[in-house]
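What follows is a set of notes on a single structure, which appears directly below.
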Number of protein chains: 2
Amino acid sequence: MDQSGQSTERESETELPNKSAVPVSLVAIKAACSQCSLHELCLSEGLSKEELAKLDSLVGARRKLKRQQNLYRAGDPFEAIYAVRTGFFKTDILLEDGRDQVTGFQMAGEILGMDGIGTEVHSCNAVALEDSEVCIIPFSQLEQLSREIKTLQHNFHKVMSRELVRDQGLMMLLGTMRAEERLAAFLLNMSQRFTSRGYSAAEFHLRMTREEIGSYLGLKLETVSRAFSRFQEEGLIAVQQKHIRILDGAGLKKLLNHQPR
Amino acid sequence: MDQSGQSTERESETELPNKSAVPVSLVAIKAACSQCSLHELCLSEGLSKEELAKLDSLVGARRKLKRQQNLYRAGDPFEAIYAVRTGFFKTDILLEDGRDQVTGFQMAGEILGMDGIGTEVHSCNAVALEDSEVCIIPFSQLEQLSREIKTLQHNFHKVMSRELVRDQGLMMLLGTMRAEERLAAFLLNMSQRFTSRGYSAAEFHLRMTREEIGSYLGLKLETVSRAFSRFQEEGLIAVQQKHIRILDGAGLKKLLNHQPR
DNA sequence: TGGCCGCTTTGATCCATGTCAATACGATAA
DNA sequence: TTATCGTATTGACATGGATCAAAGCGGCCA
């Protein structure tokens, strides 16, 4: 979609296996929010034609990033938030002593950069894990437009709030779950997010390394690797490097609620 | 302040030790946002007189809660956000299997309830840890008013964003720190928050149990207790039940950046 | 085609924190 | 004052995950 200026799910640089029947409603042909396939994940849901047009003019600019390129870094002045159009990102924080932690993985339709609003400075790094493209949404313009468009205002608030709830979930995971539960939760979450984008729930390609997964889950990479192996032994999944096939989703879910205690 | 309808820091039900010189600017006498002592922590910063008046009329309603009473519960329909006026709260999430996690502690001037915006339903429980009072801010009215008042809009966005950043910090803590680092970070955070409210940085009264601290920090209560004891042995703090005196703040800070590795 | 390099897997061992249990403390109410 | 109950402390022991180390695997570039 980047190169062509045209856009469909299928053209995404995000090559996913098992790209199964994409609902027609998700397949867009023209550019801009008004035609973006990520409508319901992003800010434009429920806007009228005229309102969409206004949003389009605001969002005009795009930015392409190569794998491993930073969208922004901790300390950068905050000017805009970003909607992931294609590709895959991680956000992470680096402590002075060298320890770092991945705080999230973002895929198409998700918003990046809201951490900068409060202080006018970004508090984390955002890095593309594969070649990606984002819509640049200048923040002061977004605030201005959402003073005019109630629905846009509310959509934005919803996006921020959902981010808060996501974070709560991650705290829960980090605070109370054991290694295998964490990984099961992670896989189910990935699966669910791929699903809601029209991809297979059962088979996908992880964009991040074991170390990044571990950092996100508060585990060491060896522990992640071992948990993958165990899941495979138990017939829950098939792993081949970054390629994952979920064989027994129900089994994974069972891991979640059955803490040993 | 509740009973009298009048309000100053000193009347707070929050009896803190060492309530040291409160800057005059923080001491308010009348009620309402326009005179609230929590100005700069809350939503009203930078508003003009007329704007403040409008905000006042919106925020009119208050609610008092007794210790252990719920402000809202997970699943409750979302209608309003709440500004803590006096007292002390915790938020927590309960998993089906009985495990729960404290996701935050909120004190005067902090906002509760934003987790409900995205789904129209609260995703966590908010419980008063001591007798407390909140300002009720009906959310749709807040959205309406912040379409009129740019500064209010921006203040609200800042509050949400800061909450995101706070959560990132907690993830970092839960994901990468060892027990003593976590507790040191917790104590320093408490100290800093008390300070910015005009209380002593060095001496305060914890409102929560060891178990609640542990839940928040992803530790068992015994581990919290042991870490307190160790800090005391090392002369970093003096602990007597819930009463904490910080003897060597620099020493605590050193614990943070010195991971063993 | 071969060699290098980053990533992943697997094994052996260690240690921080969890678990279980006993006791102590402090506030409250009788 | 004493009994009670929730909370906190402390000790002994168990264990999940970290750490250290050594191969394996695969992709990429020369």
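Below, chain A is the first sequence line, B the second, and so on; all start at residue 1. Scope of the values below: all heavy atoms of this structure, side chains included, with no hydrogens, waters or symmetry mates. All values derive from a computational prediction rather than experimental measurement.
In this structure, A:L129 atom CG and C:dC7 atom P are separated by 12 Å, rounded to whole Å. Put simply, CZ on A:R210 is 15 Å from P on D:dA18, counting in whole angstrom units. Taking atom CD on A:Q241 and atom P on C:dT8, their separation rounds to 7 Å, with Å as the unit. Regarding B:L221, its CG atom lies at a distance of 10 Å from the C1' atom of D:dT9, rounded to whole Å. We find that NE2 of B:H243 is positioned 13 Å from P of C:dG26, with the value rounded to whole Å. When the P atom of C:dG26 is taken as reference, atom CD of B:Q240 falls 7 Å away, rounded to whole Å. Between B:L183 atom CG and C:dA16 atom C1' the separation is 15 Å, expressed in whole Å. Between the CZ atom of B:R178 and the C1' atom of D:dG17 there is a distance of 12 Å, rounded to whole Å.
You'll find the ring centres of A:F105 and A:Y216 inside the 6.0 Å limit.
Considering only the side chain of A:E222, C:dT10 comes nearest among D:dA18, C:dT10, C:dG18. Residue B:R226 has its side chain nearest to D:dT10 when only C:dC7, D:dT10, C:dT17 are considered. The nucleotide whose nearest atom lies closest to any side-chain atom of B:V239 is, among D:dT9, D:dA18, C:dC20, D:dT9.
For the OP1/OP2 pair of D:dT10 and a distance below 4.0 Å, the side-chain nitrogens and oxygens of B:S229 include at least one atom meeting the criterion. In terms of phosphate contacts, A:K242 brings no side-chain nitrogen or oxygen within less than 4.0 Å of OP1 or OP2 of C:dC7. OP1 or OP2 of D:dT9 has at least one side-chain nitrogen or oxygen of B:S225 nearer than 4.0 Å.
A salt bridge links A:E110 to A:R197: one of the charged nitrogens lies within less than 4.0 Å of a carboxylate oxygen. Here A:R226 does not pair with A:E180 in a salt bridge; the nearest charged N to carboxylate O distance is not below 4.0 Å. The pair B:E163-B:R166 meets the salt-bridge criterion, with a side-chain N (NZ, NE, NH1 or NH2) lying under 4.0 Å from an Asp/Glu carboxylate O.
Note that the two end axes of the helix from C:dT1-D:dA30 to C:dA30-D:dT1 enclose an angle of 40°, each drawn from 5 base pairs, rounded to 10 degrees.
When each of B:R207, B:R67, B:K242 is tested with B:E130 by the rule salt bridge (charged side-chain N to carboxylate O under 4.0 Å, His left out), just one qualifies, namely B:R207.
Taking both residues in full, the closest heavy atoms of A:V121 and A:F78 are given as N-CB, 3.8 Å, listed atom of the first, atom of the second, then distance.
Remark: the B:T86 side chain and the B:S132 side chain contain no N/O donor-acceptor pair separated by less than 3.5 Å.
Among the heavy atoms of the strands lying under 4.0 Å from A:G218 are primed sugar atoms or P, OP1, OP2 only; no base atom is included.
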